[in-house]
Visitor: 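Here it is, the structure, as structure tokens.
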Amino acid sequence: MSLPFAEKPFIVFSDFDGTITTEDSNDAATDNLGFGLEKRRALNVEILNGSTTFRDGFREMIDSVAAKKTFEETKEYLKNKIKLDPGFKEFYHWCKANDIPVVIVSSGMVPIIRAIMENLVGPEDAADIPIIANEVDQKEDGSWTIKFRHPESGFGHDKSRTTTPYRDLPGGGPTIFFCGDGVSDLSAARAADLLFVKVIPNHTNDLSVHCDREKIPYVAFEQFLQVKDTVESVVTKKTTIEALLKK
């Protein structure tokens, strides 16, 4: 199977929730429509300590929403609630003008991400951005649940399966930039030539904490205009990735 954009010199892969957006849509749905913040936090602790998988914990969260709201109600709520990182639109347009693909790699669900993106960047741009994520299983009786991309994986969607194959291409393949904020991004981020980690003051910043502990080099950012400036400096050869990671 041929890899999309394998012939391009650069590709940007990005997480969606909390990276491209200012808050996590799945957390917002669980906290406000499902079983609530307290139970979600308790489940997150179980996921982090390994007593349950991300896949099973996440399904439980989504099913708590589905027990109370239809899929369309959930999608509509999130479409109106979730906001875009203030620099993302400009970053995306710069990438598009410079023929650099931007691909969303998410643990969320494609139809919800697509609806949020259509609302935030417009239908035309949203249609141009590939989304690699889980799907939704909607039954005839109106019930619904998450349909995992990799149900055999404890992640539900193993993001590394998207990025790692590029490393096996002749000559090393495209230069890969990866943007993320959570530990679920780590497996995919390992294949990146340059990792951007979103670090927000007074947030948990799970990915940066993990990278610091494991001594994984990255460039911190608070909003996407910083990513744009850095990617542009690499693409135009004003700096190198090696130089950036030595800072």
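Any value given below was found using the heavy atoms of this structure, including those in side chains, with hydrogens, waters and symmetry copies removed. Computed from a prediction, not measured in an experiment: that's the story for all the values here.
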Visitor: State yes or no: do Ile11 and Leu3 share one hydrophobic cluster built from I, L, V, M, F, W and Y residues joined by side-chain heavy-atom distances below 4.5 Å, directly or via other members?
Guide: yes

Visitor: May I have all residue pairs that pass ring-ring contact (aromatic ring centres under 6.0 Å, His included) and include part of residues 111-132, sequence neighbours excluded?
Guide: none

Visitor: Which pairs of donor and acceptor atoms, one on a side chain in residues 101-118, lie under 3.5 Å apart (sequence neighbours left out)?
Guide:
residue : atom : partner : partner atom : Å
Ser106  : OG   : Gly108  : N            : 2.8
Arg114  : NH1  : Ala126  : O            : 2.6
Arg114  : NH1  : Ile129  : O            : 3.2

Visitor: Taking side chain to side chain contact (heavy atoms under 4.5 Å, CB included) as the test, write out the residues that go with Val45, two or more places apart.
Guide: Asn49

Visitor: Among all residues two or more places apart in sequence or in another chain, which pass the side chain to side chain donor-acceptor pair (under 3.5 Å) test with Glu140?
Guide: none

Visitor: Side chains of residues 56-67: which donor-acceptor partners sit under 3.5 Å, not counting sequence neighbours?
Guide:
residue : atom : partner : partner atom : Å
Asp56   : OD2  : Thr53   : OG1          : 3.3
Asp63   : OD1  : Thr145  : OG1          : 2.7
Ser64   : OG   : Phe35   : N            : 3.1
Ser64   : OG   : Met61   : O            : 2.7

Visitor: Any idea which heavy atoms bring Trp144 and Phe71 closest together, and the distance?
Guide: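 What the structure gives for the nearest pair is NE1-N, 3.1 Å.
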
Visitor: With Lys139, which residues qualify under salt bridge (Lys or Arg N to Asp or Glu O under 4.0 Å), at least two apart?
Guide: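 Expected list: Asp137.
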
Visitor: What verdict does the side-chain contact (heavy atoms from CB on, under 4.5 Å) test give for Thr239 and Leu244, after you've listed the backbone C-alpha separation in whole Å, the side-chain angles of each residue and the deciding distance to 0.1 Å?
Guide: CA-CA 7 Å; Thr239 188; Leu244 287 165; 4.0 Å; yes

Visitor: Of all heavy-atom pairs between Tyr218 and Asp212, which one has the smallest distance, and what is that distance?
Guide: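 In this case the closest contact between Tyr218 and Asp212 is OH-OD1, 2.9 Å.
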
Visitor: Please enumerate all residues that pass side chain to side chain donor-acceptor pair (under 3.5 Å) together with His210, with sequence neighbours excluded.
Guide: Arg213

Visitor: Applying salt bridge (Lys or Arg N to Asp or Glu O under 4.0 Å), can you list everything that pairs with Lys96, at least two apart in sequence or on another chain?
Guide: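 Applying salt bridge (Lys or Arg N to Asp or Glu O under 4.0 Å) to Lys96 gives Asp125, Asp128.
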
Visitor: Counting only heavy atoms not in Glu7 (residues, nucleotides, ligands), do more than 12 fall under 6.0 Å from its CD?
Guide: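 Enclosed.
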
Visitor: Run the side-chain contact (heavy atoms from CB on, under 4.5 Å) test on Leu84 and Thr22 for me, step by step, so that the C-alpha distance in whole Å, both residues' side-chain angles and the decisive distance to 0.1 Å come before the verdict.
Guide: CA-CA 6 Å; Leu84 196 68; Thr22 57; over 6 Å; no

Visitor: I need the minimum non-hydrogen distance between Leu78 and Ser25, along with the two atoms involved.
Guide: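 Between these two residues, the closest heavy atoms are CD2-O, 3.3 Å.
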
Visitor: With distance as the sole test, does Asp24 use its side chain to make a donor-acceptor pair with the main-chain N or O of Asp27 at under 3.5 Å?
Guide: yes

Visitor: Report the C-alpha separation of Leu186 and Cys211 in whole Å, then their side-chain angles, then the decisive distance to 0.1 Å, and conclude whether the side-chain contact (heavy atoms from CB on, under 4.5 Å) test is met.
Guide: CA-CA 9 Å; Leu186 193 62; Cys211 288; 4.2 Å; yes

Visitor: Among residues at least two apart in sequence or on other chains, which ones pass side chain to side chain contact (heavy atoms under 4.5 Å, CB included) with Gln223?
Guide: Asp85, Pro86, Leu225, Gln226

Visitor: Compare every heavy atom of Asn134 with every heavy atom of Arg149, then report the nearest pair and how far apart it is.
Guide: N-OD1, 2.8 Å

Visitor: Just by modelled atom types, is the His157 backbone N or O under 3.5 Å from a matching donor or acceptor in the Lys159 side chain?
Guide: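 No; judged by distance alone, with no hydrogens or angles, the pair does not exist.
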
Visitor: Strictly distance-based, threshold 3.5 Å: is any side-chain N or O of Asn44 a donor or acceptor partner for the main-chain N or O of Ala42?
Guide: no

Visitor: Restricting to non-hydrogen atoms, name the atom on Ser160 and the atom on Ser187 that form the minimum distance, rounded to 0.1 Å.
Guide: CB-O, 3.5 Å

Visitor: For the residue pair Phe91 and Phe224, categorise the inter-ring angle as parallel (less than 30°), tilted (30 to 60°) or perpendicular (more than 60°).
Guide: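 Correct class here is tilted.
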
Visitor: Can you pull out every ring-ring contact (aromatic ring centres under 6.0 Å, His included) where at least one residue sits in residues 105-136? Sequence neighbours excluded, please.
Guide: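 For residues 105-136: none.
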
Visitor: Quick one: do the Asn80 and Asn119 side chains pair a donor with an acceptor below 3.5 Å?
Guide: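 Not at all, the side chains of Asn80 and Asn119 share no donor-acceptor pair under 3.5 Å.
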
Visitor: Partners of Lys69 by side chain to side chain donor-acceptor pair (under 3.5 Å), sequence neighbours excluded?
Guide: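 In terms of side chain to side chain donor-acceptor pair (under 3.5 Å), with neighbours along the sequence ignored, Lys69 is linked to no residue.
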
Visitor: What heavy-atom pair brings Thr21 and Gly18 nearest, and what distance separates the two atoms?
Guide: OG1-N, 2.9 Å

Visitor: Show me the donor-acceptor pairs within less than 3.5 Å that the side chains of residues 165-182 make with the rest of the protein, sequence neighbours left out.
Guide:
residue : atom : partner : partner atom : Å
Tyr166  : OH   : Pro4    : O            : 2.5
Arg167  : NH1  : Ala191  : O            : 2.4
Arg167  : NH1  : Asp193  : OD2          : 3.3
Arg167  : NH2  : Gly172  : O            : 2.8
Arg167  : NH2  : Pro174  : O            : 3.2
Arg167  : NH2  : Asp193  : OD2          : 3.4
Asp181  : OD1  : Thr19   : OG1          : 3.2

